[in-house]
Amino acid sequence: MMFKYVNEDQIDIELKCVICDDPFELPMNCATCGNTYCKACILKWVEKQASCPSCRQTGASFQPVISRVVHNQLNRLLVQCALCQQIDIQRSNFNDHISCTCPKYIINCSNNCGWKGVRESHQQHLITCRQNQFFPNSLSKFSNAVFILILAILLYWIFRRGDK
Ligand SMILES: [Zn+2]
Ligand SMILES: [Zn+2]
Ligand SMILES: [Zn+2]
Ligand SMILES: [Zn+2]
């Protein structure tokens with residue numbers, strides 16, 4: 001988990017899963033008793049027990065919770081990023097935080113140069129990366145060779161003029 005909940009003990013118990021003790025992720029309802037669990041938690045549970053953890057109904061079926069109220073409450077929960085320590089990120093915005101702004105998230109260079117590093121050092125890297133893209137190693141070797149060739153022709157030409 002790349003985040004932790006802000007003031008976790010103040011989060012409504014109704015929003016917490018009895019299996020993992022955290023607020024629901026992709027909540028699922030038991031069709032028999034109406035109790036709610038995280039999707040991942042209940043799938044793992046029924047693999048072993050084949051029953052609902054609350055009502056013990058064997059072969060109980062579970063369906064996704066569709067209530068907007070529940071989803072809105074879960075989306076508004078505030079979390080802290082475990083990488084950059086930023087607090088008060090809405091849980092529903094956490095994926096955007098990671099994929100767009102988190103300065104401590106490890107990304108690949110957008111130029112596909114093979115560089116990998118935290119987002120905050122990417123700008124610094126880009127300065128040298130752009131120079132390398134402009135003068136890749138093979139190109140500078142090639143231009144060195146051309147330079148030496150031109151020099152050789154020039155010297156040859158000067159010596160020939162001297163011969164006359
Ligand atoms: Zn859970
Ligand atoms: Zn149940
Ligand atoms: Zn972050
Ligand atoms: Zn790069």
Side-chain angles (χ1 to χ4, degrees), residues 1-140:
M1 186 95 83
M2 284 201 289
F3 63 75
K4 55 177 188 258
Y5 291 94
V6 176
N7 299 327
E8 186 163 11
D9 45 340
Q10 285 167 35
I11 295 172
D12 193 341
I13 189 102
E14 300 280 311
L15 292 176
K16 287 186 181 177
C17 165
V18 290
I19 302 174
C20 68
D21 207 29
D22 272 333
F24 305 122
E25 301 260 9
L26 305 171
M28 303 278 282
N29 262 339
C30 169
T32 311
C33 67
N35 275 295
T36 311
Y37 316 95
C38 310
K39 184 176 183 181
C41 291
I42 196 62
L43 288 182
K44 219 193 284 172
W45 178 277
V46 293
E47 246 173 49
K48 282 183 275 178
Q49 319 277 336
S51 69
C52 170
S54 301
C55 66
R56 305 280 160 188
Q57 170 86 43
T58 43
S61 69
F62 299 89
Q63 60 235 354
V65 172
I66 50 171
S67 159
R68 293 296 326 154
V69 181
V70 175
H71 284 282
N72 289 345
Q73 277 181 297
L74 289 169
N75 286 343
R76 278 199 297 265
L77 289 175
L78 297 178
V79 299
Q80 175 175 25
C81 176
L83 299 176
C84 71
Q85 310 302 321
Q86 188 188 322
I87 54 162
D88 294 346
I89 306 167
Q90 286 201 355
R91 194 180 85 169
S92 56
N93 293 334
F94 187 73
N95 286 343
D96 283 347
H97 168 77
I98 286 297
S99 59
C100 305
T101 58
C102 180
K104 299 289 185 194
Y105 187 65
I106 293 180
I107 56 168
N108 294 315
C109 177
S110 43
N111 288 334
N112 285 325
C113 69
W115 180 89
K116 229 178 201 219
V118 291
R119 180 176 281 119
E120 64 184 353
S121 58
H122 186 224
Q123 284 306 319
Q124 186 63 36
H125 158 77
L126 274 180
I127 298 168
T128 50
C129 185
R130 286 205 191 96
Q131 285 168 354
N132 290 342
Q133 300 255 315
F134 202 66
F135 298 114
N137 269 343
S138 53
L139 184 69
S140 68

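Numbering of ligands and ligand atoms starts at 1, following listing order. The first residue in the sequence is number 1, and the count goes up from there.
Between Tyr37 and Phe62, the ring planes are perpendicular. Angles over 60° get that label, and only those under 30° would be called parallel.
With the Zn ion (ligand 1) as the vertex, SG (Cys41) and SG (Cys17) define an angle of 110°, rounded to 10°. Note: angle at the Zn ion (ligand 3), from SG of Cys81 to SG of Cys102, is 110° (rounded to 10 degrees). The angle subtended at the Zn ion (ligand 2) by SG of Cys52 and SG of Cys30 is 110°, given to the nearest 10°.
Tyr5 OH: more than 12 foreign heavy atoms inside a 6.0 Å radius. By the neighbour-count criterion of 12 heavy atoms within 6.0 Å, atom CD of Gln63 is densely surrounded, having more than that number from other residues, nucleotides or ligands.
A heavy-atom distance below 4.5 Å is found between the side chains of His125 and Cys109.
Nearest N/O/S atom of His97 relative to the Zn ion (ligand 3): this is NE2.
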